[in-house]
Each structure stands twice: as C-alpha cells, then as structure tokens.
Amino acid sequence: MKKKTDKYSFFENVYEVVKLIPKGRATSYGAIAKYLGAARSARMVGYALNSCFAHADKIPAHRVVNRNGMLTGKHHFPDEYPMDEALRKEGIKVKDDKIVDFKAVFWDPSIELSL
DNA sequence: AATGTGACATACC
DNA sequence: TGGTATGCCACAT
C-alpha cells in the first residue's frame with residue numbers, strides 16, 4: 001500500500017526481485033536492473049545490495065553476481081557467512097569465486113517473472 | 001542544486 | 001588474467 005510515494009525506491013525494487021530468486025539459482029546485477037527498467041543501472045543494484053544488510057528483511061544477496069558469474073561481492077559479506085558457502089549450500093557449485101556453469105543456474109527475472 | 005559514490009558492464013591494452 | 005578508463009544512473013550527503 002502506498003502512502004505518500006507512489007513508487008518505492010529503486011532499492012526496494014531490487015530487494016523484492018532478489019528475494020524472488022529461487023533457491024539454487026542466481027542472477028546478475030544487469031539482469032535485475034533490466035527487469036526494473038533501468039538496464040544501465042546495474043551499478044545501482046550492487047549499491048542497493050550494499051545496503052541490504054542494513055535492510056530489515058533478509059536479502060539473499062549471495063544469489064546475485066556479476067555478468068561473469070563471479071562473486072565480486074563476496075568481500076562485502078560477513079566473514080562468518082561467506083558468499084560462496086551460502087551458494088554451495090543451495091546446490092550451486094562455486095570455484096575460484098566463480099559460479100560453475102553459471103548459465104545453468106542463471107535466473108533472469110525479465111524472463112522467469114514474465115511467464 | 002551539486003557533488004560524491006559504487007557488490008556493474010563494456011572496451012581497450 | 002588483470003589493470004585502467006569511461007559510461008551509466010539512482011541514492012546519500
């Protein structure tokens with residue numbers, strides 16, 4: 001329900017999409033940005049996730065990686081819960097901070113959510 | 001309003 | 001493979 005603002009922040013949108021990512025899947029910043037209608041705001045997606053820890057809800061930010069499937073954001077995760085470990089627990093294989101067979105687990109919101 | 005920022009994407013070397 | 005440079009855009013200050 002909307003109050004004063006008709007639209008939520010771009011961040012809120014990012015959080016919503018990330019939370020919709022199925023277990024064992026992963027997507028890219030660019031894909032999310034595109035789905036939100038701002039394909040050139042991939043940086044904003046990462047920016048948003050940077051604040052995800054401050055966000056009230058739990059954001060599976062570990063399911064969001066860059067275009068190469070590389071865990072570029074792992075350095076931003078808490079040491080107690082590394083990004084690659086989180087992914088492994090969901091069945092995603094990670095090697096050298098990169099998702100193995102990324103395209104196999106790739107989850108594109110602009111496709112999956114439009115079915 | 002202006003400036004700084006960045007977990008990207010792409011290009012180039 | 002990795003460093004540098006540029007474009008890009010929404011948010012923070």
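Heavy-atom basis, side chains included; hydrogens, waters and symmetry copies ignored.
- The nearest whole Å value for the distance from the NZ atom in A:Lys74 to the C1' atom in B:dC8 is 19 Å.
- One interatomic measurement links the two molecules: CZ of A:Phe11 to C1' of B:dG6, which rounds to 10 Å at whole-angstrom precision.
- As judged by a 4.0 angstrom heavy-atom cut-off over every strand, A:Asn50 is placed among the base-contacting residues.
- Counting only residues at least two apart or on different chains, the ring pair (Phe, Tyr, Trp, His ring centres under 6.0 Å) pairs with a member in residues 95-115 of chain A are A:Phe102-A:Phe106.
- Distance, A:Leu49 CG to B:dG6 P: 15 Å, rounded to whole Å.
- Minimum atom distance to the side chain of A:Tyr47 is reached by C:dC11, of the listed B:dA7, B:dT10, C:dC11.
- Across all strands, A:Ala61 comes closer than 4.0 Å to base atoms (heavy-atom distances).
- Distance, A:Met44 CE to C:dC11 P: 7 Å, rounded to whole Å.
- Across B:dA9, C:dC9, B:dA7, the shortest atom-to-atom separation from the side chain of A:Ala42 is found for B:dA9.
- Counting to the nearest Å, the C1' atom of B:dA9 and the OH atom of A:Tyr29 are 12 Å from each other.
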task = Begin with the C-alpha distance, continue with both residues' side-chain angles, and end with the deciding distance and a verdict on salt bridge (Lys or Arg N to Asp or Glu O under 4.0 Å) for A:Arg25 and A:Glu112.
result = CA-CA 12 Å; A:Arg25 296 281 205 159; A:Glu112 303 292 339; 5.1 Å; no
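- To the nearest angstrom, C1' of B:dG6 lies 15 Å from NE2 of A:His75.
- In this structure, CZ on A:Arg43 lies 13.0 Å from OH on A:Tyr29, to the nearest 0.5 angstrom.
- To the nearest angstrom, C1' of C:dG3 lies 14 Å from CE of A:Met70.
- Across the protein-nucleic acid pair, A:Ile99 atom CD1 and B:dA7 atom P stand 18 Å apart, rounded to whole Å.
- Distance from the side chain of A:Arg43 is smallest for B:dC8 among the nucleotides B:dA9, C:dC11, B:dC8.
- Note: A:Phe77 and A:His62 have perpendicular aromatic rings, judged against thresholds of 30 and 60 degrees for the angle between ring planes.
- For the pair A:Thr72 and B:dC8, the criterion of a side-chain N or O lying under 4.0 Å from OP1 or OP2 is met.
- Each of A:Lys98 and A:Phe10 was assigned the nucleotide of DNA chain C with the nearest heavy atom; the assignment lying further toward the 5' end belongs to A:Lys98.
- In this structure, the nucleotide among B:dA7, B:dC8, C:dA10 sitting nearest to the side chain of A:Met83 is B:dA7.
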task = Go through A:Arg88 and A:Glu85 one step at a time and tell me if the salt bridge (Lys or Arg N to Asp or Glu O under 4.0 Å) criterion holds.
result = CA-CA 5 Å; A:Arg88 289 171 187 278; A:Glu85 182 178 319; over 6 Å; no
